[in-house]
Chemist: 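I'd like to ask some things about the structure below.
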Amino acid sequence: MTPLPPGVGAVQAPSVPLGAGAEERRGWPATEREALAEQARLRPLAVLDAEGPARPRTLAGLDVAYAGTGGPEDRVAGAVVVLDAATLDVIEEATAIGPARFPYIPGLFAFREVPVLLAALAKLTAPPDLLLCDGHGLAHPRRFGLACHLGVLTGLPTAGVAKTRLIGTHAEPGPERGDHADLVDEADGAVLGRVLRTQRGVKPVYLSVGHRVGLDDLTRHVLAAAPRYRLPETTRRADRLCRDALDADTRNADTRNADTEARA
DNA sequence: GCGACAG
DNA sequence: ATCTTGTCGC
């Protein structure tokens with residue numbers, strides 16, 4: 001099974017203690033309908049009405065890079081970078097590589113990225129105070145995006161920081177850094193998240209709650225983590241790291257093939 | 001039926 | 001996400 005990281009699993013009990021075992025017995029979802037069923041099973045376990053964390057000591061950025069073009073057999077590299085929330089200095093990094101276990105389907109994004117991200121998280125020596133995922137949390141067709149999924153499986157506070165919209169409508173945020181607008185579900189008027197301008201004159205980013213976090217606190221932390229660029233340092237560092245990990249893995253594979261070729 | 005559609 | 005050259009701007 002996928003052992004949760006020393007800190008990630010031990011310090012904070014996962015919200016779904018039997019989940020890992022169940023998945024092991026039943027296998028990772030292989031079809032869209034199975035994935036939808038799994039989402040429905042985990043959805044009620046997400047804590048969406050929390051506040052905080054008020055003063056996280058660390059912020060973690062998570063991201064993945066792919067080798068293929070979206071198929072179920074692509075190689076996937078995941079990375080997690082833990083930063084000091086106050087200085088944004090890197091405290092710890094971890095990566096993991098594996099085959100994609102699911103095709104890319106909008107709304108079922110987590111089934112493609114979660115395995116490798118959990119593997120990377122398991123390598124950390126301590127649980128981060130807040131996980132910032134590349135994608136959405138609540139701002140999802142069934143209110144259970146990647147951030148929610150990762151939050152439920154790890155028990156850690158999580159949130160989504162996406163570069164583009166998946167669902168919801170919103171007014172154009174003001175032009176200044178910090179200006180924001182609600183991301184709303186037209187159907188019922190529910191606030192799904194927040195569209196935040198992190199720098200003057202750049203496209204806004206989409207924030208949404210994942211698990212055990214508040215939107216106001218999240219907004220503060222993301223703004224603090226993005227002192228210079230559009231994307232927070234958590235996302236930028238993780239993006240760089242997983243890409244490097246994928247490239248390194250590709251070079252190793254090429255080298256092995258070349259050796260085999262030479263020996264033949 | 002016609003778009004929209006995280007990464 | 002990934003495939004890709006040059007190009008406009010600080």
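Here is how names work: the chains are called A, B, and so on, in the same order as the sequence lines, proteins then strands, and each is numbered from 1.
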Chemist: Using a cut-off of 4.0 Å on non-hydrogen atoms, how would the nucleic acid contact of A:A139 be classed: base, sugar-phosphate, or nothing?
Modeler: nothing
Chemist: Ring-on-base stacking between A:Y104 and B:dG7, under 5.5 Å between centres and under 30° between planes: is it there?
Modeler: yes
Chemist: Under 6.0 Å from the CZ atom of A:R237, do we count more than 12 heavy atoms belonging to anything else shown?
Modeler: no
Chemist: May I ask you to check whether A:H140 and A:F109 place their ring centres under 6.0 Å from each other?
Modeler: no
Chemist: In whole angstroms, how far is the C1' atom of B:dA6 from the CG atom of A:L138?
Modeler: 14 Å
Chemist: Have a look at A:L146 and say if it touches a base, only the backbone sugar-phosphate, or nothing, with a 4.0 Å heavy-atom cut-off.
Modeler: base
Chemist: What integer distance in Å separates A:L192:CG from B:dA6:P?
Modeler: 15 Å
Chemist: Calculate the interatomic distance between A:R228 atom CZ and C:dC10 atom P; express it in whole Å.
Modeler: 14 Å
Chemist: Categorize A:G107 for me: base, sugar-phosphate, or nothing, with a 4.0 angstrom heavy-atom threshold over every strand shown.
Modeler: base
Chemist: Quick one: is B:dC5 close enough that its OP1 or OP2 comes under 4.0 Å of any side-chain N or O from A:T164?
Modeler: no
Chemist: Nearest to the side chain of A:R165, which nucleotide is it out of C:dT2, B:dC5, B:dA6?
Modeler: B:dC5
Chemist: Separation of A:R142 atom CZ from B:dC5 atom P, in whole Å?
Modeler: 16 Å
Chemist: Measure from the side-chain heavy atoms of A:A65 and tell me the nearest of B:dG7, C:dT2, B:dC5.
Modeler: C:dT2
Chemist: Can you label the angle between the A:H149 ring and the A:F111 ring as parallel, tilted or perpendicular, going by 30° and 60°?
Modeler: perpendicular
Chemist: Return the set of residues passing side chain to side chain contact (heavy atoms under 4.5 Å, CB included) with A:P56 (not counting sequence neighbours), or none when no residue passes.
Modeler: A:P53, A:L59, A:D129, A:H221
Chemist: Just to verify, what does A:D89 make a salt bridge (charged side-chain N to carboxylate O under 4.0 Å, His left out) with, not counting sequence neighbours?
Modeler: none
Chemist: Answer with base, sugar-phosphate or nothing: what part of the nucleic acid does A:L108 contact at a heavy-atom distance below 4.0 Å?
Modeler: base
Chemist: Check this one for me: any side-chain N or O of A:K163 less than 4.0 Å away from OP1 or OP2 of B:dG7?
Modeler: yes
Chemist: Whole angstrom is fine here: how far is it from CG in A:L207 over to P in B:dA6?
Modeler: 17 Å
Chemist: Expressed as a whole number of angstroms, how long is the span from A:L150:CG to B:dG7:C1'?
Modeler: 14 Å
Chemist: How close or far is atom C1' of C:dC10 from atom CZ of A:R230, stated in whole angstroms?
Modeler: 19 Å
Chemist: Round to the nearest Å and state the distance from A:H140 atom NE2 to B:dA6 atom P.
Modeler: 11 Å
